[in-house]
J.: 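Okay, here's the structure, questions in a sec.
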Amino acid sequence: GVLLIDIPLEAWDWLRAARFDMNESLPGWNVGDTLTYTFTILVGLALADATTAPWPASYTDITMPKDFEGDMLPGITTVPRNGGGYVLPPTSILLSLGRHADKAYGVNRNVATATQKWTSCAGDGTGTEEYKYFNNHVIGCHVMENTGNNDCSAAEIKFIDDNRPVFGVTSGSVTTKILPDSATCADIRAALPMM
């Protein structure tokens, strides 16, 4: 089977979810003008000197986890797909014979610079994004098996964290649209549909 872990869209809708600062430069709003911005995004943790600090080697080195979406759990709660060719992540080398996680609590750091040109008078823009860091760890999990304790043990968390995907993103594309101040998360998703 294939593993695919989703972040539910509702996680981003929580009103008290973390906000992220950006440093931007824009000489004007005319077609062809270039917008450049840098950002550091921490999801589910606090990290001193987040833009430059080395990423912790182990999930046990995450000393300041934060509840990102208000569900009273550390980090951001992700949900692995199950069925239709997808399988839940195993929590040990026993694979199909052992317990499987139906939730994983993760932390992420993204540090990037985006450069884009305005492509219309309405404030649409396209361009590229270059990543300095695209880090993650799994700091906890929940198992689906009814074993009396559905929280993962330290060994199970370590197994999932040790086997998580480690991304090597260097660049990507970015699209911007200007929306009214009254725009909701649903409005944003409609204006910028996920691919």
J.: According to the ring pair (Phe, Tyr, Trp, His ring centres under 6.0 Å) rule, which pairs have a member within residues 164-185, sequence neighbours left out?
T.: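 Sorted pair list: Phe134-Phe167.
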J.: Quick one, Thr115 and Thr34 - any side-chain contact, counting heavy atoms below 4.5 Å?
T.: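 Answer yes - side chains close enough.
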J.: For residues Ile139 and Leu47: do they belong to one hydrophobic cluster (side chain heavy atoms under 4.5 Å, members Ile, Leu, Val, Met, Phe, Trp, Tyr)?
T.: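 Per the 4.5 Å side-chain linkage, Ile139 and Leu47 are co-clustered.
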J.: Give the cluster check for Leu26 versus Ile178: same hydrophobic cluster or not, with ILVMFWY residues linked at side-chain heavy-atom distances below 4.5 Å.
T.: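 As far as the 4.5 Å side-chain criterion goes, Ile178 and Leu26 are connected within one cluster.
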J.: Tell me, with the steps shown, if Trp118 and Thr176 meet side-chain contact (heavy atoms from CB on, under 4.5 Å).
T.: CA-CA 9 Å; Trp118 290 128; Thr176 298; 4.1 Å; yes
J.: Can you tell me how far CG of Asp102 sits from CG of Leu88, rounded to the nearest 0.5 angstrom?
T.: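 Nearest 0.5 Å value for the CG-CG distance: 6.5 Å.
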J.: Just by distance, no angles: are the side chains of Ser58 and Asp61 close enough, under 3.5 Å, to form a donor-acceptor pair?
T.: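 The criterion, which ignores hydrogens and geometry beyond distance, is not satisfied for Asp61 and Ser58.
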J.: Which Ile, Leu, Val, Met, Phe, Trp or Tyr residues join Met72 in one cluster when any pair of side-chain heavy atoms under 4.5 Å counts as a link?
T.: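 Cluster partners of Met72: none, it stands alone.
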J.: How close do Cys141 and Ile160 get, counting heavy atoms only, and between which atoms?
T.: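 Scanning both residues, the minimum pair turns out to be SG-CD1, 3.7 Å.
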J.: Could you give all pairs that pass the salt bridge (Lys or Arg N to Asp or Glu O under 4.0 Å) test and reach residues 77-92, with sequence neighbours left out?
T.: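 Passing the test, one end in residues 77-92: Asp6-Arg81.
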J.: Applying side-chain contact (heavy atoms from CB on, under 4.5 Å), run through Val174 and Tyr37 and close with a yes or a no.
T.: CA-CA 11 Å; Val174 62; Tyr37 57 92; 3.4 Å; yes
J.: May I ask whether Leu73 and Leu45 are part of the same hydrophobic cluster, defined by side-chain heavy atoms of I, L, V, M, F, W, Y residues being less than 4.5 angstrom apart, directly or through others?
T.: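 Hydrophobic grouping puts Leu73 with Leu45.
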J.: For the pair Asn150 (side chain) and Val143 (backbone), establish whether a donor and an acceptor sit closer than 3.5 Å, ignoring hydrogens and angles.
T.: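 Looks like yes, one N/O pair under 3.5 Å.
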J.: Give a yes or no answer on whether the side chain of Thr78 reaches the backbone of Ala104 with a donor-acceptor pair at less than 3.5 Å.
T.: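 Yes, the answer is positive, given that a donor and an acceptor are paired below the 3.5 Å cut-off.
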J.: Val111: which residues meet the side chain to side chain contact (heavy atoms under 4.5 Å, CB included) condition with it, sequence neighbours left out?
T.: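 Applying side chain to side chain contact (heavy atoms under 4.5 Å, CB included) to Val111 gives Thr40, Thr51, Arg109, Lys132, Tyr133.
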J.: Lys103: what forms a salt bridge (Lys or Arg N to Asp or Glu O under 4.0 Å) with it, not counting sequence neighbours?
T.: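 For Lys103 there are no salt bridge (Lys or Arg N to Asp or Glu O under 4.0 Å) partners, ignoring immediate neighbours.
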J.: Listing request: all salt bridge (Lys or Arg N to Asp or Glu O under 4.0 Å) pairs with a residue in residues 49-59, at least two apart in sequence or in separate chains.
T.: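 Applying salt bridge (Lys or Arg N to Asp or Glu O under 4.0 Å) to every pair that reaches into residues 49-59, excluding sequence neighbours, yields nothing.
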J.: Write down the atom of Ala11, the atom of Glu69, and the distance for their closest heavy-atom approach.
T.: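 Of all heavy-atom pairs spanning Ala11 and Glu69, the closest is O-CB, 3.6 Å.
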J.: Ala190: what forms a side chain to side chain contact (heavy atoms under 4.5 Å, CB included) with it, not counting sequence neighbours?
T.: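 Ala190 satisfies side chain to side chain contact (heavy atoms under 4.5 Å, CB included) with no other residue.
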J.: Which pair of non-hydrogen atoms, one from Pro80 and one from Ala101, has the smallest distance, and what is that distance?
T.: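 The answer is CG-O, 3.7 Å.
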J.: Looking only at heavy atoms, what is the nearest atom pair of Pro56 and Ile62, with distance?
T.: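 Heavy-atom minimum between the residues: CG-CD1, 3.6 Å.
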J.: Restricting to side chain to side chain contact (heavy atoms under 4.5 Å, CB included), what partner residues turn up for Asp161, sequence neighbours left out?
T.: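 Partners of Asp161 by the side chain to side chain contact (heavy atoms under 4.5 Å, CB included) criterion, ordered by chain and then number, come out as Tyr59, His137, Val138, Arg164.
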J.: How long is the span from the CD atom in Glu156 to the NE2 atom in His142, to the nearest 0.5 Å?
T.: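 Between Glu156 CD and His142 NE2, I get 11.5 Å after rounding to 0.5 Å.
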J.: Can you tell me how far OH of Tyr131 sits from OG1 of Thr113, rounded to the nearest 0.5 angstrom?
T.: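 OH of Tyr131 is found 10.5 Å from OG1 of Thr113.
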J.: Would you say Ile188 and Leu179 make side-chain contact, with heavy atoms under 4.5 Å?
T.: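 Ile188 vs Leu179: side chains touch.
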J.: With hydrophobic residues grouped by side-chain heavy-atom distances under 4.5 Å, do Ile76 and Ile41 end up in a single group?
T.: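 Ile76 clusters together with Ile41.
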J.: Any chain of hydrophobic side-chain contacts (each under 4.5 Å) joining Trp29 to Leu35?
T.: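 Hydrophobic grouping puts Trp29 with Leu35.
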J.: Could you give the distance from CD1 (Ile7) to CG (Asn108), rounded to the nearest 0.5 Å?
T.: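 Interatomic distance, Ile7 CD1 to Asn108 CG, rounded to 0.5 Å: 6.0 Å.
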J.: Which atom pair, heavy atoms only, marks the closest approach of Asn82 to Met144?
T.: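 Minimum heavy-atom separation between Asn82 and Met144: ND2-SD, 4.5 Å.
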J.: Nearest 0.5 Å, please: how far is OG1 in Thr77 from CG in Asp71?
T.: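 Asp71 atom CG to Thr77 atom OG1 measures 3.5 Å (nearest 0.5 Å).
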J.: Sequence neighbours excluded, which residues qualify as side chain to side chain contact (heavy atoms under 4.5 Å, CB included) partners of Thr63?
T.: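 Listed in chain order: nothing, the list is empty.
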J.: Who clusters with Tyr86? Use side-chain heavy atoms, under 4.5 angstrom, across I, L, V, M, F, W and Y, and order the result by chain and number.
T.: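 Taking Ile, Leu, Val, Met, Phe, Trp and Tyr as members, Tyr86 shares its hydrophobic cluster with Val2, Leu4.
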J.: In the hydrophobic clustering (ILVMFWY, side-chain contacts below 4.5 Å, transitive), which residues join Val87, or is it alone?
T.: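 The other cluster members (ILVMFWY side chains, heavy atoms under 4.5 Å, direct or chained) are Leu3.
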J.: Kindly give the heavy-atom pair with the smallest separation between Ile157 and Cys152, and that separation in Å.
T.: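 Ile157 and Cys152 have their closest heavy atoms at CG1-CB, 3.8 Å.
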J.: I need the full list of salt bridge (Lys or Arg N to Asp or Glu O under 4.0 Å) pairs touching residues 111-127, with sequence neighbours left out, sorted by first then second residue.
T.: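 Residue pairs with at least one partner in residues 111-127: Asp124-Lys177.
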